[in-house]
Number of protein chains: 2
Amino acid sequence: MQQIAPLARFLPYQLSIASNAVSGRIAQEYRARWGLSVPEWRVMALLGDFGKITQRDLTRLSLMDKVAVNRACKVLEDRGLVERTPNEQDGRSHLLDLTATGREMHGQIMPLAREMERRICDGFSAAELDMFRAMLDRLHMQSEMVDSDDIESDNFGIG
Amino acid sequence: MQQIAPLARFLPYQLSIASNAVSGRIAQEYRARWGLSVPEWRVMALLGDFGKITQRDLTRLSLMDKVAVNRACKVLEDRGLVERTPNEQDGRSHLLDLTATGREMHGQIMPLAREMERRICDGFSAAELDMFRAMLDRLHMQSEMVDSDDIESDNFGIG
DNA sequence: GAAGGATAGTTGCCGATGCAACAAATAGCT
DNA sequence: AGCTATTTGTTGCATCGGCAACTATCCTTC
């Protein structure tokens, strides 16, 4: 058991456990302080920035599943943090926005988010973080471009 | 909707969606080709490298929950890819290892893993990837060191 | 060697997440 | 206008993953 597992150098794995650790730590904080789940927190963050938008807009902005957005909105509405008004341009959807209570909570939530981000990233320069973000975005893109058939045909590059 | 959402610059969020995209893409591949879940794949990778070890060892090496390891082992055993032999040093546990069939599958799985990693990381230098891995590990560590009470006491650093 | 505590593995349960199917409304085509 | 396809939001269902509780075995201490 002295040997370092190759798994520990498999980048998708390292990415996964780092992401789980960071997200888990932040989720724990929001749950403990305000009883908010991650999707709920994301919706509040977006509504605070964008004001009256639809669930569809929230889905696109958050990159979450529309069902996750819908459930988060429902919970927030039941808690009186978010309100819906009819959308006169489109009868299928509603316009969502923070209530006064929701706006007040948003004012506490965002500073905590920034502070936790700052602490988690403590010790890295702005340039390092920018490069890190750029790499994340590119890995994200490139993972979606990998073509299965392509891999199949060359026998994993070992044939 | 022209504005770039601040959420898109929130590092834990970027980390989360990048990780989900990468893991999801790879998980899809393993599911389609061999019907393996991510935990099952990880167990096979570790058994291929370490040979006869216990579930406890697998839990430590994989950083997964012991329940996840147990369920993965059970599925792999039922599929005839993994076998248990009694552990003479400790009657509570068994020694797990790949069967001949499992070893054959392992021989196909690992090249695919490396090839997908290579394609997802295509365009980055070894130095960039090393730095990226180091940052992942450090973010992981630092997220676990953030102290709630500490944040509480300074009112999120906003006075 | 018996008792108490620790550890390995297992099971059940609950919450989170995602997809498929659906209803309501809109948009496009003729 | 009327028919069809698309889009938005919603519900139900299956799955996944983690935690708590439990059993069996081991270790320590007396």
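Numbered from 1 within each chain, the chains take letters A, B, ... in sequence-line order. Just so it is clear, the model here is predicted, and its values are computed rather than measured.
Using a 4.0 Å heavy-atom distance criterion, Ser37(B) is classed as making no nucleic acid contact. Using a 4.0 Å heavy-atom criterion, one finds that Arg60(B) contacts no nucleic acid atom at all. Within the 4.0 angstrom heavy-atom criterion, only backbone atoms of the sugar-phosphate kind lie near Thr54(A); the bases stay farther away.
With ring centers used as reference points, Phe132(B) lies under 6.0 Å from Phe132(A). Between Tyr13(B) and Trp41(A), the gap from one ring centroid to the other reaches at least 6.0 Å.
Taking atom CG of Leu36(A) as the reference point, atom C1' of dA16(C) lies 15 Å away to the nearest angstrom. Atom OH in Tyr30(A) sits roughly 23 Å away from atom P in dG15(C) (whole-Å rounding). Regarding Leu58(A), its CG atom lies at a distance of 12 Å from the C1' atom of dG9(D), rounded to whole Å. For the pair Asn87(A) CG and dA24(C) P, the interatomic distance rounds to 19 Å; values are reported in whole Å. Distance CE (Met64(B)) to P (dC19(D)): 14 Å, rounded to an integer number of Å. Atom pair Lys74(A):NZ and dT11(D):C1' shows a separation of 8 Å (rounding to whole Å applied). Between the C1' atom of dA21(D) and the CG atom of Asp65(B) lies a distance of 14 Å, rounded to the nearest Å. The interatomic distance linking Gln55(A) (CD) with dT11(D) (P) rounds to 10 Å, in whole Å.
Out of dA25(C), dC19(C), dG9(D), the shortest distance to the side chain of Arg84(A) is found at dG9(D). Across dC26(D), dG9(C), dT11(C), the shortest atom-to-atom separation from the side chain of Ser93(B) is found for dG9(C). Side chain of Pro39(A), nearest nucleotide from dT25(D), dT17(C), dT11(D): dT17(C).
When each of Val38(A), Val69(A), Leu58(A) is tested with Met64(A) by the rule side chain to side chain contact (heavy atoms under 4.5 Å, CB included), just one qualifies, namely Val69(A).
Judged by distance alone with a 3.5 Å cut-off, a donor-acceptor contact links the side chain of Arg92(B) to the base of dT7(C). Applying the 3.5 Å distance criterion, the base of dG9(D) shares no donor-acceptor pair with the side chain of Arg71(A).
The closest side-chain heavy-atom distance from Val43(B) to Gln55(B) is not below 4.5 Å.
Checked by atom type and distance alone, the side chain of Ser19(B) never pairs as donor or acceptor with a backbone atom of Ser16(B) at under 3.5 Å.
The nearest heavy atom of DNA chain C to Ala68(A) and to Gly91(A) marks one nucleotide each, and the one closer to the 5' end goes with Ala68(A). When each of Asn20(B) and Thr59(B) is assigned the nucleotide of DNA chain C with its nearest heavy atom, Thr59(B) is the one assigned upstream, toward the 5' end.
Contact annotation: Lys66(B) does not reach the phosphate of dG18(D) (side-chain N/O to OP1 or OP2, under 4.0 Å). For the pair Arg31(B) and dC16(D), the criterion of a side-chain N or O lying under 4.0 Å from OP1 or OP2 is met.
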